[in-house]
Amino acid sequence: MSELLVNPWFLGFAYGFPLITVLMTVGGLATWFERRFAGRMQNRVGPSFVGPFGILQVLADGIKMMQKEDIVPRDADKFLFNLAPILPVFLVLASAATIPFTGYWDDTGQWQSWLMVADLDIGILWVLALAGLMVFPIWMAGWASNNKYTLLAGMRGVAQGVSYEIPLVMAALVPVVATGTLSLSGIVAWQAENGWLVWRFPIVGALAFILFFLSSLAEANRIPFDIPEAESELIGGVIVEYTGLKGGMFLMAEYMHTAVAAALAVTLFLGGSHMPGLSFHWALGPIWFVLKSGALFVLIYWIRWSWFRFRADQLMELCWVLFVPGSLILVMLTAVQVWVETLL
Amino acid sequence: MLLQVLLTVAAILFCIGIYGVISRRNAVGVLLSLELMANAVNLNLISFAMFNENGAVGQAFTLFAIALTVAEVVVGLALVVLLYRTRHNALLELASDLKR
Amino acid sequence: MITPMLAGILFLSWLLIFCAIKVATTKNLVHSVFWLAGVLLLMAAVFVILGAPFLAGIQVVLYTGGVITLMLFGIMLTQRKPDTQVAMDAENRGPALATAVGMLLVLLTAIWGTPELATMTPSPQMVGASEVGKIFLSTQLLAFEVLSLLLLAAMIGTIVLVRKGDH
Amino acid sequence: MSPLQLGLIAVFTPLVVATLLVVIRPLRHTGKPAAGLSILGAFASLGASVMLMVQSLGAHPVDVIHEVRWLPVAGETLATIGVQLDGISIPMMLVVSLVATCVQVFSFEYMNTETNEDFGRYFTWQSLFLFTMQGLVIAPNILQLFICWELVGLCSYLLIGFYWKKHSAGRAALKAFWITKFADIGLLVGLIAQYSVTETFGWDPATVTALSAAGMINVVAALYFFAVMGKSAQFPLHIWLPDAMEGPTPVSALLHAATMVAAGVFLIVRAFPIFIAAEQAMPVISVIGGVTAIAAACIAVVQTDIKKVLAYSTCSQLGYMVAALGAGSLMGGYFHLTTHAFFKALLFLASGSIIHAVHSNEMADMGGLFKKMKVTGTVYIIGSLALAGLPFFSGFYSKDLILETLFESAQHNPIFWVPFIACMVTAGLTAYYMGRVIILVFFGELGEKSSHAHEHGFAMTAPIVFLAIPALFAGLGGGQLAHLYGVHDFHFAVVHFTPVGIAASTLAFGGFAAAYAIHGLGMAGGLVNSLTPVGDFIRSAPIDRSWLFVYRSILSAGAQALGWFDRYVIDGAINAFGASLINTGERMRNMQTGRVNDYMHAVLMGILVMAAFSQVWLRLGA
């Protein structure tokens with residue numbers, strides 16, 4: 001039994017399917033949650049008729065979506081047009097595969113991260129690589145729809161994606177430099193043993209966390225970085241031409257992306273499933289993990305409904321003038337602190 | 001056997017790249033085929049590295065090669081953009097001023 | 001003898017070659033780019049099988065994430081939609097094919113005519129990021145620094161090339 | 001400190017200073033601080049040289065050779081560079097650094113009307129000059145000597161052309177540069193000849209033996225001497241020296257006393273083993289020296305420019321040295337080189353002081369200056385007496401030695417009568433023209449420009465007063481110098497009377513008397529006037545003109561012939577070749593489609609051919 005539990009293939013399959021289910025469900029529930037949340041913030045009710053607290057609204061919406069006609073524009077590039085909605089879901093799920101959802105102190109006092117589909121040695125590289133691929137579906141959808149609005153949105157999306165990937169990678173390098181490992185489980189274990197990175201590296205860690213978080217928002221095209229959508233100018237961004245299930249998959253992927261971004265930020269900077277003093281059993285791990293990433297998730301929606309949207313040029317300026325040099329400086333400062341600590 | 005298979009695959013990729021480089025009219029298309037060739041070279045490099053005691057050095061050099069290719073693509077695309085600006089198209093036969 | 005490794009590589013090889021042919025021959029340039037993305041990802045998979053996961057990650061980040069995105073940018077900036085179909089040059093195809101096949105023949109002669117290659121076996125260990133990193137900062141430091149200089153030069157050169165107002 | 005360290009300090013301190021001044025522009029442009037730095041460097045060099053001299057006069061004479069490999073060729077070493085500190089180089093180092101220090105201190109005040117930039121530039125070249133000359137002196141082989149030799153030439157070019165905005169100064173600098181370069185061809189060819197025969201650049205006995213065995217010794221010595229003729233301004237290559245007066249006067253002092261022209265004589269001294277073995281070349285050298293001595297003295301007699309008198313006087317004295325060396329007397333030539341350095345530097349600096357006071361070079365503008373400038377006048381007269389070789393001044397001992405040597409040589413080889421007689425006559429002429437200068441400048445009526453003249457500040461008087469000491473007494477060190485040079489058959493006596501010495505002294509007194517009679521008392525004015533055409537004839541202009549004639553008739557004719565050959569034969573061939581290229585290009589241009597794909601195709605086909613060839617070659621060859 002124990003042998004089976006540490007077999008990566010078994011874990012991958014035994015855990016992969018539930019993970020996909022859970023993430024899909026989270027993606028669905030997130031729509032309901034957001035509408036309720038937004039309702040509260042705007043002093044209205046939100047969906048409340050279907051099911052208890054309107055929670056079955058998700059189901060109703062899903063059924064409605066599936067019934068819609070699947071329209072492909074006449075001049076569209078059909079191959080890419082159909083490929084575009086599938087990719088983001090796939091990429092988001094794949095990047096969730098390396099996140100350890102729980103962990104515990106074993107008998108020898110070592111932290112053991114557990115419950116992940118694949119414990120890659122290069123986990124962080126994997127996640128960042130997939131984040132880099134996230135611009136593809138945006139571009140595909142924008143180009144393939146053969147619509148000037150989607151094309152503009154696609155260009156903006158790609159520009160924003162490649163730009164914010166740099167501070168994202170740099171900010172993610174801070175934990176790598178600090179912990180000396182590329183593996184996500186290793187980073188969590190280090191944080192469990194040495195303290196969470198937000199305060200273990202006093203100001204640098206917190207700033208890196210903020211940078212990572214904001215860059216993730218930009219990668220996930222969330223407000224205040226949702227220029228590619230920009231309902232007011234681009235009538236909804238690259239998904240304008242998508243109907244029914246395909247459009248739904250885009251939206252779904254976006255919600256899941258948000259959730260995964262929150263989970264990643266927690267993993268890298270907030271100690272993952274570790275909670276000081278309360279991590280004596282592995283079954284407690286998911287609770288802390290969900291609590292922490294849930295808080296970030298809520299924060300994202302909070303920002304979304306209370307913040308405004310940047311203009312495209314302001315967005316790029318923020319990235320290249322503040323984020324990129326800032327993140328570079330942060331990496332250097334981290335290296336300096338690591339070096340100083342080796343001296344002490 | 002394994003190494004020979006790898007090298008053969010690399011050779012085939014390289015030759016497909018050659019075909020593309022010669023026959024593409026579009027500058028971006030030529031760059032794409034060049035990428036194919038570069039990747040074939042990388043595959044060769046990494047194959048030899050992995051059949052050798054000193055795999056890490058081979059990997060390091062593959063990384064160098066990747067970085068070089070990236071630099072090449074960046075400059076190449078800048079040239080394509082320049083070509084487009086002056087000729088309003090990216091077809092390579094438009095850039096034949098030296099013949100005149 | 002077919003080992004799992006060989007089987008995996010053979011399987012990936014067919015996909016690789018298929019994608020590569022698509023890259024070089026597809027009429028639609030945009031599709032060509034995505035076929036190239038396929039080639040690069042498959043190549044990363046081959047790297048993983050060969051025991052170089054770090055390199056595979058870099059391959060995806062730099063090539064697929066960076067180069068392909070750049071290519072897409074290049075297409076967006078320089079192509080009008082109808083132009084993407086004008087990709088091949090009819091009168092050149094025959095000679096191009098001849099050269100490519102000739103080169104392939106020579107290479108195959110070299111590869112399969114060298115018996116030493118057949119007996120070589122892969123060394124078993126995986127090479128992770130830390131070993132490569134150590135090499136960068138020890139024996140290959142000069143090359144590393146020169147490379148960084150080259151990248152800087154490429155960056156500056158690109159900016160100079162595409163800067164507006166000079167033309 | 002060890003001798004080697006001292007030697008390196010003496011050589012490299014000026015280099016460090018010069019490098020700093022060259023590289024750090026703002027420092028150079030500060031003027032006075034830059035000059036101060038340069039003077040400090042010169043003093044450091046001087047101090048090290050003095051300590052070396054003291055050490056080598058002690059119980060254990062310094063004899064150090066330290067060489068480092070240079071130009072390694074296929075495992076062997078083509079050459080070495082290094083330091084040779086012995087009795088030959090150390091006195092010269094002392095002389096060079098002493099004169100250079102005095103000149104730099106003097107210049108500090110003399111040049112103070114320049115802008116800060118020019119001031120800094122001047123001292124930069126001064127420091128560089130000191131370094132190159134010291135490097136030449138310590139050279140352990142002819143290759144290093146040659147390198148420093150050329151650098152010395154460069155530095156003198158820079159300093160002669162210091163007032164480069166003045167057309168004549170630029171011309172003079174170029175003339176000096178080209179004529180010495182022309183002569184340096186001899187040194188270069190000689191070097192190559194020596195190396196090809198002996199595979200060494202040294203002057204050790206083994207090398208000399210090898211050269212003699214190959215029958216090349218006379219050729220090599222003659223080639224080296226050709227360079228010496230240029231550098232040390234021997235007849236007929238002396239024509240650059242008077243023009244070099246275009247430089248600032250302290251530069252003339254440096255050039256004439258210790259650096260540029262001394263380098264030539266020093267080459268003979270340094271490579272004396274080679275020269276002494278060249279038995280056929282030596283008399284020629286001596287004769288050329290004697291001819292130079294008398295010809296330059298004749299010219300000096302009629303000069304009206306105070307500096308030009310001294311310039312020709314230098315020429316003449318260098319002729320003495322060369323004549324002595326040609327007669328095989330190392331002691332005579334080298335001794336005179338050192339004493340001459342002191343009094344000639346003194347004379348130039350003092351005349352610089354005078355020029356600075358009256359703002360003119362012409363002796364006609366001067367007169368009666370002794371009352372105005374007592375210190376300068378006194379030291380000038382001391383220097384003149386030393387130059388004229390009056391008994392018990394430093395010049396007396398060295399010049400006497402030369403004359404006696406020549407007289408002795410003439411007993412064995414009658415050809416030496418030529419230099420001997422020339423030098424005897426020159427002794428009288430020297431006294432005459434120096435006496436003329438003294439009388440015209442310091443006595444008689446006040447010239448119109450000299451009425452406002454006055455003595456200068458400390459920086460200008462101190463060096464000349466200081467230089468007067470060795471000008472008076474350096475001759476007394478003859479014994480020690482002989483010991484240092486390794487000349488053992490020389491017996492020094494403070495008071496000695498030989499027929500030749502008495503004759504020379506008598507001639508010198510006679511010269512002064514004649515000068516006083518002609519210029520002081522105004523006697524025989526007609527005689528002098530009748531001599532003017534002769535003076536005009538032997539002045540440098542005809543020689544310049546003959547050089548020009550040679551240049552125009554021979555070189556120009558040759559050049560025209562070559563020009564015709566170049567224009568019609570070579571150009572024609574090249575044009576034909578070019579036309580055929582164009583023709584071929586016209587036919588081949590159709591290969592160039594202008595399409596990138598085709599070019600790439602060509603490249604790849606090339607690679608294919610190479611790869612295929614390698615495979616075929618590999619498989620068929622193996």
Side-chain angles (χ1 to χ4, degrees), chain A residues 75-81 83-84 87 91 94-95 98 118 120-140 142-148 151-163 165-166 168-169 172-173 176-177 180-183 186 219, chain C residues 4 22 26-38 40-41 43-45 47-48 51-85 125-134 137 155 159:
Chain A
D75 285 339
D77 186 330
K78 292 186 184 54
F79 174 68
L80 294 179
F81 187 83
L83 187 61
L87 264 183
L91 292 173
S95 64
T98 53
L120 295 183
D121 285 342
I122 51 157
I124 208 163
L125 206 55
W126 169 259
V127 170
L128 293 175
L130 291 171
L133 299 188
M134 280 303 285
V135 298
F136 282 9
I138 294 173
W139 192 89
M140 281 184 192
W143 174 270
S145 300
N146 202 13
N147 171 321
K148 68 179 118 183
L151 185 63
L152 278 175
M155 274 178 115
R156 284 185 179 187
V158 175
Q160 177 182 324
V162 293
S163 302
E165 201 182 334
I166 297 169
L168 184 80
V169 170
L173 270 183
V176 171
V177 172
T181 174
L182 284 171
S183 144
E219 284 279 303
Chain C
K22 280 288 191 188
T26 305
K27 263 195 165 182
N28 189 327
L29 206 56
V30 179
H31 288 188
S32 184
V33 173
F34 282 104
W35 286 118
L36 182 65
L40 299 172
L41 288 172
M43 195 73 89
F47 287 174
V48 170
F54 175 65
L55 203 63
I58 294 291
Q59 166 97 357
V60 177
V61 171
L62 271 188
Y63 260 130
T64 326
V67 170
I68 295 295
T69 317
L70 274 178
M71 293 283 188
L72 295 177
F73 249 116
I75 290 178
M76 272 198 295
L77 290 175
T78 60
Q79 308 292 318
R80 286 168 297 215
K81 182 100 188 174
D83 291 346
T84 54
Q85 302 294 328
Q125 85 279 14
M126 295 269 265
V127 179
S130 57
E131 285 94 333
V132 180
K134 274 173 197 145
L137 292 181
M155 187 174 85
I159 292 170

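The figures that follow rest on heavy atoms only: side chains count, while hydrogens, waters and symmetry mates do not. Chain identifiers are assigned alphabetically (A, B, ...) following the order of the sequence lines, protein sequences preceding nucleic acid strands; residue numbering begins at 1 within each chain. Model, not experiment: these values are computed from the prediction.
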query: Using non-hydrogen atoms only, which part of A/W139 is less than 4.5 Å away from chain C: side chain, backbone, both, or neither?
result: side chain
field: Under 4.5 Å from a heavy atom of chain C, the part of A/A159 involved
entry: both
query: Taking the inter-plane angle between the rings of A/F136 and C/F34 on a 0 to 90° scale, is it parallel (under 30°), tilted (30 to 60°) or perpendicular (over 60°)?
result: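 Rings of A/F136 and C/F34: perpendicular, over 60°.
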message: Are A/F79 and C/N28 packed together at the side-chain level, in the sense that at least one heavy-atom pair is separated by less than 4.5 angstrom?
response: no
query: Does A/V158 reach the side chain of C/L72, with side-chain heavy atoms less than 4.5 Å apart?
result: no
- prompt: Of all heavy-atom pairs between C/I58 and A/L125, which one has the smallest distance, and what is that distance?
  reply: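 Nearest heavy atoms, C/I58 then A/L125: N-CD2, 3.9 Å.
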- prompt: Considering residues at least two apart in sequence or located in another chain, which fulfil the side-chain hydrogen bond (donor to acceptor under 3.5 Å, both in side chains) criterion with C/T64?
  reply: none
query: By ring pair (Phe, Tyr, Trp, His ring centres under 6.0 Å), which residues pair with A/F81, not counting sequence neighbours?
result: A/Y242
statement: Between the CH2 atom in A/W143 and the CD1 atom in C/I75, the distance rounded to the nearest 0.5 Å is 7.0 Å
Gap separating the CG atom of A/D77 from the NE2 atom of C/H31, nearest 0.5 angstrom: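 Here the rounded value is 3.0 Å.
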message: Which atoms of C/A44 are under 4.5 Å from chain A, going by heavy atoms: the side chain, the backbone, both sets, or neither?
response: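 Neither part.
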message: With chain C as the partner, which of A/G132, A/G180, A/A129 has the greatest number of non-hydrogen pairs under 4.5 Å?
response: A/A129
message: As an exercise: rank A/V135, A/D121, A/L80, A/L182 by heavy-atom pairs under 4.5 Å with chain C and give me the winner.
response: A/L80
- request: Would you mind telling me which of C/L62, C/I68, C/L70 has the largest number of heavy-atom pairs within less than 4.5 Å of chain A?
  value: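 Highest number of pairs under 4.5 Å: C/I68.
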